[in-house]
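Position 1 is the first residue of the sequence; numbering continues from there.
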Amino acid sequence: MAYQKLWTVISLYLSAISTIFHHLKSILFKTNWDLIIFRIPDTLVSLYYRLRGLSPCTVDINDQTTVHFWTTNHRRFDKPSLVLIHGYGGNSLWQFVRQVSPLSRKFNVYVPDLLFFGKSYTSRSDRSESFQAKCVMEGLKKLGVDRFSVYGISYGGFVAYCMAEMCPEMVEKVVIVSSGVVWNDQQKEELLRENSDALEILVAKNPHDLRLLVSRSIYKFDVFKWVPDFVLQKLIDANNENRKEKLELLQHLVAKKADAGLAILSQETLIIWGDQDNVFPLYMAYDLQRHLGAKSKLEIIKDTGHAAHFDSPDTINGLIESFVLGV
């Protein structure tokens with residue numbers, strides 16, 4: 001009888017161990033560890049944003065659209081508000097990682113993810129920059145932000161321009177960086193002819209495309225010089241959500257005809273460009289300044305490429321601060 005009881009206990013113990021083992025094995029083999037490991041950098045940058053006094057929040061614009069923001073924790077009414085609009089090449093976290101700390105000391109900072117980037121999404125079919133602008137504006141209204149300046153880079157510059165045109169009573173000043181807002185159809189065709197792979201590169205799906213994107217955007221250094229291709233591929237795979245929709249945004253941007261009646265903004269506008277920009281050439285900066293007229297100011301940064309916020313972040317931050325604060 002004693003041996004039977006002992007055997008029953010041992011059997012129960014072995015059964016429990018076997019069940020736990022199979023459960024752990026199932027978790028280990030079904031979990032996408034590559035996805036987890038290559039999301040760790042995002043987690044660390046998110047922590048950095050929190051340490052700089054920002055918190056994430058998601059705003060429901062309607063039942064079809066949500067916009068994710070990083071917002072200042074404690075809005076101070078003795079500081080102006082500044083909205084940062086990112087371009088392609090990653091979500092807002094990475095694009096402004098070298099700016100969020102100094103700018104948050106001077107401004108109440110709001111950093112949205114544009115639709116299909118980060119955690120922002122819509123089931124609507126509209127892929128226009130004006131729709132992006134409308135969604136950001138609606139999100140800001142819901143957050144109680146009714147007066148602000150806006151800073152947009154590259155694709156974000158198109159969106160920022162739309163925001164300023166759409167709601168001049170809300171947008172105080174505008175900063176446009178490396179953004180071909182006033183390109184005409186001929187210029188667009190020439191650029192696409194010279195860079196026929198531009199759309200695919202902007203939404204890279206392999207290490208070769210990602211390296212090309214970086215080399216055309218950043219002038220001063222090679223971010224991925226010592227990173228092997230297999231690591232880059234894992235990184236791409238872990239951050240490849242909504243690729244189809246991102247391509248559709250680009251296709252809309254290049255397919256639409258240039259607007260001959262593009263509005264002249266009523267706000268004071270600062271235009272910043274790198275003299276080594278290989279995406280939107282420097283002459284486009286002068287075209288934009290001529291279009292906007294006397295209320296615009298152009299600053300050209302030497303030895304700086306398209307991604308001026310990576311090549312020369314301190315210079316960009318200083319220019320934005322002095323322009324918006326009027327010092």
Side-chain angles (χ1 to χ4, degrees), residues 42-62 65-87 90-115 117-121 132-153 156-157 159-177 265-270 272 309 313-314 316-327:
D42 276 357
T43 302
L44 294 176
V45 177
S46 296
L47 177 60
Y48 175 71
Y49 270 58
R50 289 178 184 275
L51 292 173
R52 299 276 65 83
L54 279 76
S55 295
C57 71
T58 300
V59 179
D60 292 328
I61 306 303
N62 50 48
T65 305
T66 58
V67 178
H68 180 266
F69 285 83
W70 282 91
T71 68
T72 188
N73 284 335
H74 305 290
R75 183 165 28 162
R76 287 178 48 182
F77 291 96
D78 60 337
K79 294 200 302 186
S81 294
L82 179 66
V83 179
L84 283 58
I85 310 292
H86 66 85
N91 58 29
S92 60
L93 272 177
W94 288 98
Q95 297 234 2
F96 298 118
V97 69
R98 300 188 68 184
Q99 297 187 272
V100 68
S101 178
L103 292 179
S104 63
R105 288 196 289 267
K106 299 291 184 179
F107 305 98
N108 297 310
V109 170
Y110 298 86
V111 190
D113 282 326
L114 294 178
L115 297 175
F117 294 84
K119 297 177 181 178
S120 296
Y121 189 80
Q132 293 271 18
K134 180 181 177 182
C135 291
V136 173
M137 296 298 293
E138 288 300 318
L140 290 167
K141 289 176 184 176
K142 288 176 180 286
L143 290 171
V145 183
D146 54 6
R147 291 288 287 171
F148 59 88
S149 294
V150 63
Y151 149 46
I153 184 161
V159 177
Y161 200 99
C162 287
M163 291 169 63
E165 178 187 356
M166 192 180 295
C167 298
E169 73 284 358
M170 293 179 66
V171 180
E172 295 179 302
K173 293 185 179 181
V174 182
V175 180
I176 302 290
V177 181
L265 298 182
S266 60
Q267 299 91 340
E268 291 182 61
T269 304
L270 173 64
I272 304 175
H309 54 323
D314 294 338
I316 295 275
N317 296 338
L319 289 170
I320 291 173
E321 180 181 327
S322 61
F323 171 71
V324 177
L325 297 178
V327 296

* To do: Name all residues meeting the side-chain hydrogen bond (donor to acceptor under 3.5 Å, both in side chains) criterion together with Arg105; count only those two or more places apart in sequence or in a different chain, and write none if there are none.
  => Ser101
* For the residue pair Tyr161 and Val174, establish whether any side-chain heavy-atom pair is separated by less than 4.5 Å. => no
Could you go through residues 316-327 and list every donor-acceptor pair under 3.5 Å that involves a side-chain atom there, pairing it with any protein atom two or more places apart or in another chain?
unit_1: Asn317; atom_1: OD1; unit_2: Gln99; atom_2: NE2; d: 2.9
unit_1: Asn317; atom_1: ND2; unit_2: Pro313; atom_2: O; d: 3.1
unit_1: Ser322; atom_1: OG; unit_2: Gly318; atom_2: O; d: 3.1
unit_1: Ser322; atom_1: OG; unit_2: Leu319; atom_2: O; d: 3.2

* To do: Verify the neighbour count for atom NZ of Lys106: are there more than 12 heavy atoms of other residues, nucleotides or ligands below 6.0 Å?
  => no
* **Rounded distance [0.5 Å steps], CE in Met166 versus NZ in Lys134** => 8.0 Å
* **For the student: nearest non-hydrogen atoms of Thr66 and Leu115, plus distance** => O-CD2, 3.9 Å
* **Trace of the ring-ring contact (aromatic ring centres under 6.0 Å, His included) decision for Tyr151 with Phe107** => CA-CA 12 Å; Tyr151 149 46; Phe107 305 98; over 10 Å; no
* **Under 3.5 Å donor-acceptor, Arg147 side chain and Glu169 backbone** => yes
* Asked: How many angstroms lie between atom CG of Leu143 and atom CD of Glu138, to the nearest 0.5 angstrom?
  -> 11.5 Å
* Asked: CG of Asp113 to NE2 of His86: how many Å apart, nearest 0.5 Å?
  -> 5.0 Å
* Point-to-point distance, once rounded to the nearest 0.5 Å, from CG of Leu103 to OG1 of Thr72 -> 12.0 Å
* Asked: Can you tell me how far the CD1 atom of Ile85 sits from the OH atom of Tyr110, to the nearest 0.5 Å?
  -> 13.5 Å
* Asked: With a 4.5 Å limit on heavy-atom distance, are the side chains of Met163 and Leu140 in contact?
  -> yes
* Measure across Ser104 and Leu54 and return the closest heavy-atom pair with its distance rounded to 0.1 Å. => CB-CD1, 4.2 Å
* Asked: Can you name the closest pair of heavy atoms from Leu82 and Val150 and give their distance?
  -> CD1-N, 4.3 Å
* Got Val83 and Pro112 here, is their nearest side-chain heavy-atom distance under 4.5 Å? -> yes
* Does Leu93 offer a backbone N or O that forms a donor-acceptor pair with the side chain of Tyr49 under 3.5 Å? -> yes
* Structure fact -> Residues Gln95 and Ile153: closest non-hydrogen pair is OE1-CG2, 4.2 Å
* Asked: If you take all heavy atoms of Ser120 and Leu114, which pair is closest and at what distance?
  -> CB-O, 3.4 Å
* Any sub-3.5 Å donor-acceptor pair from His68's side-chain atoms to Pro56's backbone N or O? -> no
* Asked: Is there a side-chain contact between Phe69 and Ser92, using heavy atoms and a 4.5 Å cut-off?
  -> no
* Asked: Just wondering, do Asn108 and Phe148 contact through their side chains at under 4.5 Å, heavy atoms?
  -> no
* Identify the two heavy atoms, one from Val59 and one from Lys142, that lie closest to each other, and give their separation to 0.1 Å. => CG1-CD, 3.4 Å
